[in-house]
Amino acid sequence: MPAPERIPPTAVTRTGTGTGTPGPAKPSRCSGPPEPTAPPARVLAEGELTVRGRLREASNAVLYCTVEGDGRAVPCVYKPVRGERPLWDFPDGNLARREVAAYEISEALGWHLVPPTVLRDGPYGEGMCQLWIGPRPDGAAPPDGPGGPEGAAEGAEESDGPGGGLLALVEDAEPEEGWKPIGLVDVGEGRTALLVHADDPRLRRLAVLDAVINNADRKGGHLLTTPDGRLYGIDHGVTFHTDDKLRTLLWGWAGEPLPAEVLEPLRRLLAALDDGPLAVRMGELITPAELDALRGRVRGLLETGRHPVPGGDWPAVPWPPI
């Protein structure tokens, strides 16, 4: 299936660490953790950040970087706040914090569906820094210094690419067993095909996470899988709004009962959001009204015990979908 959101080989521009405003960029692709002796979040937060290239053709600035710390260089993506374009429905200058908040919620649930993500200062000011999944993008300079290219590759994870084999187009009116329908799409020449996603427990947990964080942009290109079976969701800047803005490809379970395995994590999350370190941390990243709305969404999922269904006041599927 074509993936328009995938970064083409020519979409990376090498750059230095000057003070100019970074230009438009392509969505992030993040790496898995370095060795257990160097926790990913600590390396991201405390290591020396060096810009290697700019990923183009997206609405916000995305810089491919390395973070050097603990004797190794780790590939990552850095999205500076100053490179964020204003949105009509989200406050200016806080998309980076929402990306970090999505990581914190994923970790609190124990699902580890978002690559390690921190808020830190960098060459272009404060921004979010997230580990990179997959090979170094073509055209970007390789990591150097202690750890070198070999050290960075050692800590990186291969990726099966955007969509991760979890999406497909089928000619039939109904999907085969193991797949869930999303909707019909125009494939050209007056023809349509059925867009489907896998009936996969990892993907189902991600659908629940999206409902919790109110993700307004879950595209197929934001799904990355690794050969060892892990699934990551990326690009969570438009999340945590107080209004219902859930836009996703993962509607295959709409209205169905939540799987039993997600209920206890949701209960623990709600308790942690009411009081304790997580509540304090989220208060640093989103507004009080957004934190109350977050609690309300978790409470609502537990009360209904079902996946949400599309609302009528907001497009249910992002565009482009991939």
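Heads up: numbering here begins at 1 and tracks the sequence. Quick note: numbers below take in every heavy atom, side chains included, and nothing from hydrogens, waters or symmetry partners.
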Can you list the steps and then say if N94 with T287 is a side-chain contact (heavy atoms from CB on, under 4.5 Å)? CA-CA 10 Å; N94 64 11; T287 69; 5.6 Å; no
Supply the atom-to-atom distance [X] [atom1] to [Y] [atom2], rounded to the nearest 0.5 angstrom.
X: H241; Y: K245; atom1: NE2; atom2: NZ; value: 4.5 Å
X: W111; Y: L209; atom1: CH2; atom2: CG; value: 7.0 Å
X: E104; Y: L285; atom1: CD; atom2: CG; value: 6.5 Å
X: Y232; Y: T225; atom1: OH; atom2: OG1; value: 11.0 Å
X: L113; Y: S106; atom1: CG; atom2: OG; value: 4.5 Å
X: F240; Y: R97; atom1: CZ; atom2: CZ; value: 13.5 Å

Within the supplied structure, the quantity of interest is the number of heavy atoms (other residues, nucleotides, ligands) at a distance under 6.0 Å from [X] [atom1]; does it exceed 12?
X: E126; atom1: CD; result: yes
X: E264; atom1: CD; result: yes
X: D275; atom1: CG; result: no

Which heavy atom in [X] sits nearest to a heavy atom in [Y], and how many Å separate them?
X: A108; Y: L278; result: CB-CD2, 3.6 Å
X: L49; Y: P123; result: CD2-CD, 3.8 Å
X: A279; Y: L291; result: O-CD2, 4.0 Å
X: P116; Y: Y103; result: CA-CE1, 3.4 Å
X: L266; Y: V298; result: O-CG1, 3.5 Å
X: G233; Y: P115; result: O-CD, 3.5 Å

Out of K219, Q130, K79, R218, which one pairs with D235 under the side chain to side chain donor-acceptor pair (under 3.5 Å) rule? K79
Scan K180, H307, R306 and name whichever one has a side chain to side chain donor-acceptor pair (under 3.5 Å) with E256. K180
Got [X] and [Y] here, is their nearest side-chain heavy-atom distance under 4.5 Å?
X: I182; Y: V196; value: no
X: L246; Y: W251; value: yes
X: E107; Y: L109; value: no
X: H222; Y: D217; value: yes
X: L269; Y: I105; value: yes
X: E174; Y: L194; value: no
X: D92; Y: E84; value: no
X: L273; Y: M282; value: yes

What do the steps show when you test L203 against L223 for side-chain contact (heavy atoms from CB on, under 4.5 Å), and what is the final call? CA-CA 9 Å; L203 208 57; L223 305 174; 4.0 Å; yes
Using side-chain contact (heavy atoms from CB on, under 4.5 Å), reason through C129 and T117 one step at a time and then give a plain yes or no. CA-CA 6 Å; C129 188; T117 311; over 6 Å; no
Those residues that, when tested against [X], pass salt bridge (charged side-chain N to carboxylate O under 4.0 Å, His left out) (two or more places apart):
X: E261; answer: R205
X: R247; answer: none
X: D274; answer: R295

What residue among V77, V81, L95 forms side chain to side chain contact (heavy atoms under 4.5 Å, CB included) with M128? V77
So, applying side chain to side chain contact (heavy atoms under 4.5 Å, CB included) with L270, which one of L301, L302, V212, L294 is it? L302
For [X] and [Y], indicate whether the former's side chain and the latter's backbone hold a donor-acceptor pair under 3.5 Å.
X: R120; Y: L44; answer: yes
X: R297; Y: D244; answer: no
X: R202; Y: G229; answer: yes
X: H236; Y: V100; answer: no

Pairing of R98 and E290 as salt bridge, 4.0 angstrom limit: yes
Thinking salt bridges, do D228 and R230 make one under a 4.0 Å N-O criterion? yes
Taking [Y] as the starting point, is it possible to reach [X] by hopping between hydrophobic residues whose side chains are less than 4.5 Å apart?
X: V309; Y: L249; answer: no
X: L167; Y: V317; answer: yes
X: L231; Y: V262; answer: yes

Can you find a side-chain donor-acceptor pair between R52 and T66 that sits under 3.5 Å? yes
Would T50 and E68 count as a side-chain contact (heavy atoms from CB on, under 4.5 Å) if you check the C-alpha gap in whole Å, the side-chain angles of each, and the deciding distance to 0.1 Å? CA-CA 8 Å; T50 302; E68 187 176 320; 6.0 Å; no
Mutual orientation of the aromatic rings belonging to Y78 and Y124 [parallel < 30°, tilted 30-60°, perpendicular > 60°]: parallel
